[in-house]
Amino acid sequence: MCGITGWTAFDRELNGENTPLEAMVRTLTNRGPDAGGTWIDGHAALGHRRLSIIDLAGGVQPMQAVTPGGRVVLTYSGEVYNFTELRDELRRKGHHFRTSSDTEVVLNAFLEWGEAMAERLNGMFALAVWDTRTQRLTMIRDRLGIKPLFYYPTADGVIFASEPKAIFAHPLAKPLVSARGLREFIAFHRPPGETIWDGLHEVVPGTVVTVDRAGVHHRTYWRLETREHTDDLETTVGRIGELLDDTVARQLVADVPTCVLLSGGLDSSAITALAAARRASRGEPLDTFAIDFAGESDSFVANEVHGSRDAGFASEMAAHAGTRHAEIVLSPADLADPEVRRQVVIARDSPAGLGDMDVSLYLLFRSIREHSTVALSGEAADEVFGGYGWLHNPVVQESEMFPWITAGMIGATPNTQPAEMYNLDMLIATNPLEAVADGYRSAVAEIGLLENENAHERRMRVLSHLHLTRFLRMMLDRKDRMSMAVGLEVRVPFCDHRLVEYVYNTPWSMKTYDGREKSLLRGATRELLPTSVVERVKSPYPVTQDRAYGEALQQQAKQLLGEDGPVFEIVSRDWLAETVATAPGELALAARNGLERALDTSIWLDAYRPEIRM
């Protein structure tokens, strides 16, 4: 896992342009704390920061291949899990290898197949190749969007990087945010390819972007396609079990310490069981980590969203699988630490996050990084198998809107923020409702449907597609940013494209065959898990219930009220004053979320100093 950056300029030579390139590379040091490198020649400059995972001595980047026609240079982030099979195939075609790294396999795959290699890679990756033979830059991103990649067109080329902050370290890139970008502050929706920054684009997952003197070109190499599912239930459950076992085995490969994130829910427990079995077959232990909040073992109160605490279930699963288990316990002071919040906002490059859920995830990853370099996660199981509670709510099912937004409107998700926290002028300028409605219609238009599907099956296919192509991308970006900010690689077995394609096309009736959420996953892993975990009702990522955290937010927001900064161009001062004056015991979750967003926005404005155009 690494960070990549660079740029092309077809109207001038870049030899000697080390200063801007090195500045861009420095911003990515957290993503790659082990090593860094640059390469400049002619019209291209490439940079890299490395987190060493496979072949610690080899795999140095940018990596070059010398051909009779010229050099081909690669800067690459991620992991390709089928690199062993690809290397064997390439050797049969006459390629020679000096290292055992997957990086060299990716480079030789490009030499053999060009951009068509994208279809052959199984993994999470974002890469850029400069081919001096054709004077062309090729950027490729993985199918689901696990690893980030952005680019900023200039007058004679592009600047690209794993994160926007690296692009803005270049003097040609200007941090500008217009009304279009500000919509992300309000609506939990990001159209494919867009960012909050004007002029800055995201490489859409499953896409190849090439840049040459003729401009920027796009090609989709993968999309979620609709196919008829012909397997019966028993065959389907068995196939899912096989795919999961193979995927976990592939993603355990590393030359550094590896662990699993274990919450005690079905998703992470399934990954833990499969990983522990693989490790046990080699006589090796598996480390697992969970998060908890100080004092909540005695004070936790179940509600409609969070029906149970993770800790007990995680401990039981760890004992069942025989893992070395540790809990990372966070206090209200940990969560409210202003410096930690600042690091989280900078890691995101955006104030549009999930508040204390992002902060706690960052702190969890920071603690895990002291013991492991790679962690496997149960992320994406809800999107793949239909696990979100709102998907089973008739109101959400029937609403012609993104389901997570409808869920927020009816209080079925803990991520809601009050609309009144924003300035009325900004709400009018951004027009979020109309923009989100347009985005919804565009998303639905992408979906292929089967002629023999009944109305309910068709509707649930639509909701599944929306989660996999819109919601999941935001969740994966969150996990990547929080983990890579501390140099931890997080792998997501449920994002294996073979599994995603297979489960997507199973009927909703099969996905809920036992009358519950994630029936297929439960059926495929039931024999591996304790009964308590199998029967546990889904509980979302935890949030602290400690009143002290809300009080700390109110005190920080009170200090913000004493200032006259640009945050009040976005946040309503009157709303903030009223919320600060609210008794801590009466502070609603939505209001607490709003305080988090206000503080995050202030930090973001101070750190990036963007030009705001309404």
Side-chain angles (χ1 to χ4, degrees), residues 1-2 4 6 37 39 41-42 44 46 48 50 52-144 146-147 149 203 205-212 217-223 243 246-247 249-255 491 496-499 501:
M1 197 61 60
C2 310
I4 68 174
W39 180 91
D41 187 51
L46 305 183
H48 188 266
R50 187 183 185 205
S52 302
I53 302 294
I54 295 174
D55 188 3
L56 306 188
V60 176
Q61 297 186 52
M63 183 175 284
Q64 304 178 48
V66 180
T67 76
R71 294 180 184 269
V72 178
V73 190
L74 167 70
T75 183
Y76 156 67
S77 168
E79 306 290 346
V80 170
Y81 303 123
N82 64 333
F83 76 97
T84 301
E85 298 97 311
L86 287 174
R87 184 169 55 207
D88 291 342
E89 182 178 359
L90 288 164
R91 277 177 174 154
R92 290 192 296 270
K93 292 179 176 292
H95 292 262
H96 301 281
F97 294 88
R98 297 175 293 101
T99 75
S100 58
S101 70
D102 61 333
T103 304
E104 192 176 12
V105 174
V106 172
L107 179 56
N108 279 268
F110 184 85
L111 295 176
E112 180 66 31
W113 298 299
E115 68 176 55
M117 74 168 180
E119 288 89 337
R120 296 173 176 267
L121 305 182
N122 177 330
M124 55 178 188
F125 50 86
L127 61 91
V129 179
W130 174 251
D131 192 337
T132 64
R133 302 169 302 180
T134 59
Q135 295 291 291
R136 180 184 295 121
L137 178 73
T138 300
M139 295 181 286
I140 306 176
R141 192 173 179 203
D142 65 65
R143 294 168 179 82
L144 275 298
I146 306 168
K147 302 315 299 176
L149 185 56
V203 175
T207 299
V208 176
V209 177
T210 55
V211 185
D212 55 25
H217 320 278
H218 303 81
R219 178 179 73 85
T220 299
Y221 72 87
W222 183 88
R223 58 171 52 89
L243 285 169
D246 177 71
T247 299
R250 290 176 182 274
Q251 298 195 20
L252 282 172
V253 175
D255 295 332
R491 298 177 178 179
D496 185 288
H497 70 278
R498 301 167 302 164
L499 178 69
E501 292 170 348

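We use all heavy atoms of the structure for the numbers below, so side chains are in, but hydrogens, waters and symmetry mates are not.
Here the closest heavy-atom approach between residue A118 and residue V208 is recorded as CB-CG2, 4.2 Å. The nearest pair of heavy atoms linking M63 to S101 is CE-OG, 4.2 Å. For the pair V80 and Y76, the tightest heavy-atom approach, listed with the atom from each and the gap, is N-OH, 3.2 Å. Counting all heavy atoms, side chain and backbone alike, P62 lies closest to V73 at CB-CG1, 3.8 Å. Counting all heavy atoms, side chain and backbone alike, A128 lies closest to I4 at N-CD1, 4.1 Å. Residue S77 comes nearest to K147 through the heavy atom pair OG-CE, 4.1 Å, listed as atom of the first residue, atom of the second, then distance.
Taking CZ of R141 as the start and CG of L127 as the end, the distance is 12.0 Å to the nearest 0.5 Å. From F110, atom CZ reaches atom CG of L121 across 12.0 Å, with rounding to the nearest 0.5 Å. To the nearest 0.5 Å, atom CD of residue E79 and atom CG of residue D142 are 12.0 Å apart. If you take OG1 on T75 and NE2 on H48, they are separated by 4.5 Å, rounding to the nearest 0.5 Å. Atom CZ of residue F125 and atom CD1 of residue I140 lie 7.0 Å apart, to the nearest 0.5 angstrom. Rounded to the nearest 0.5 Å, atoms CZ (R498) and CG (N122) are 5.0 Å apart.
Looking only at atom types and distance, the side chain of T99 has a donor-acceptor partner in the side chain of E104 under 3.5 Å away. D212 and H217 share a donor-acceptor pair across their side chains, judged by distance under 3.5 Å alone.
Residues R92 and E112 are not paired through a salt bridge, judged by the lack of any N-O separation under 4.0 Å between the basic side chain and the carboxylate. Between D246 and R250, at least one side-chain nitrogen of the basic residue sits less than 4.0 Å from a carboxylate oxygen of the acidic one, meeting the salt-bridge criterion.
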Audit row: M124, R491, side chain to side chain contact (heavy atoms under 4.5 Å, CB included) steps and yes/no: CA-CA 8 Å; M124 55 178 188; R491 298 177 178 179; 3.6 Å; yes
Side chain to side chain contact (heavy atoms under 4.5 Å, CB included) assessment of I53 paired with D102: CA-CA 10 Å; I53 302 294; D102 61 333; over 6 Å; no
Decide yes or no on side chain to side chain contact (heavy atoms under 4.5 Å, CB included) for E501 and W222, but give the supporting numbers first. CA-CA 11 Å; E501 292 170 348; W222 183 88; 2.5 Å; yes
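In this structure, the side chains of F97 and L107 stay at 4.5 Å or more apart for every pair of heavy atoms. Contact of the Q61 side chain with the L46 side chain is not registered, since no non-hydrogen atoms from C-beta on lie closer than 4.5 Å. Residues T138 and D131 have side chains not in contact (no heavy-atom distance under 4.5 Å, counting atoms from C-beta outward).
Other residues, nucleotides and ligands place more than 12 heavy atoms under 6.0 Å from the CZ atom of R91.
Using a distance-only test at 3.5 Å, with no hydrogens or angles considered, a donor-acceptor pair links the side chain of T247 to the main chain of L243. Proximity of a side-chain donor or acceptor of Q64 to a complementary backbone N or O of R71 within less than 3.5 Å is not detected.
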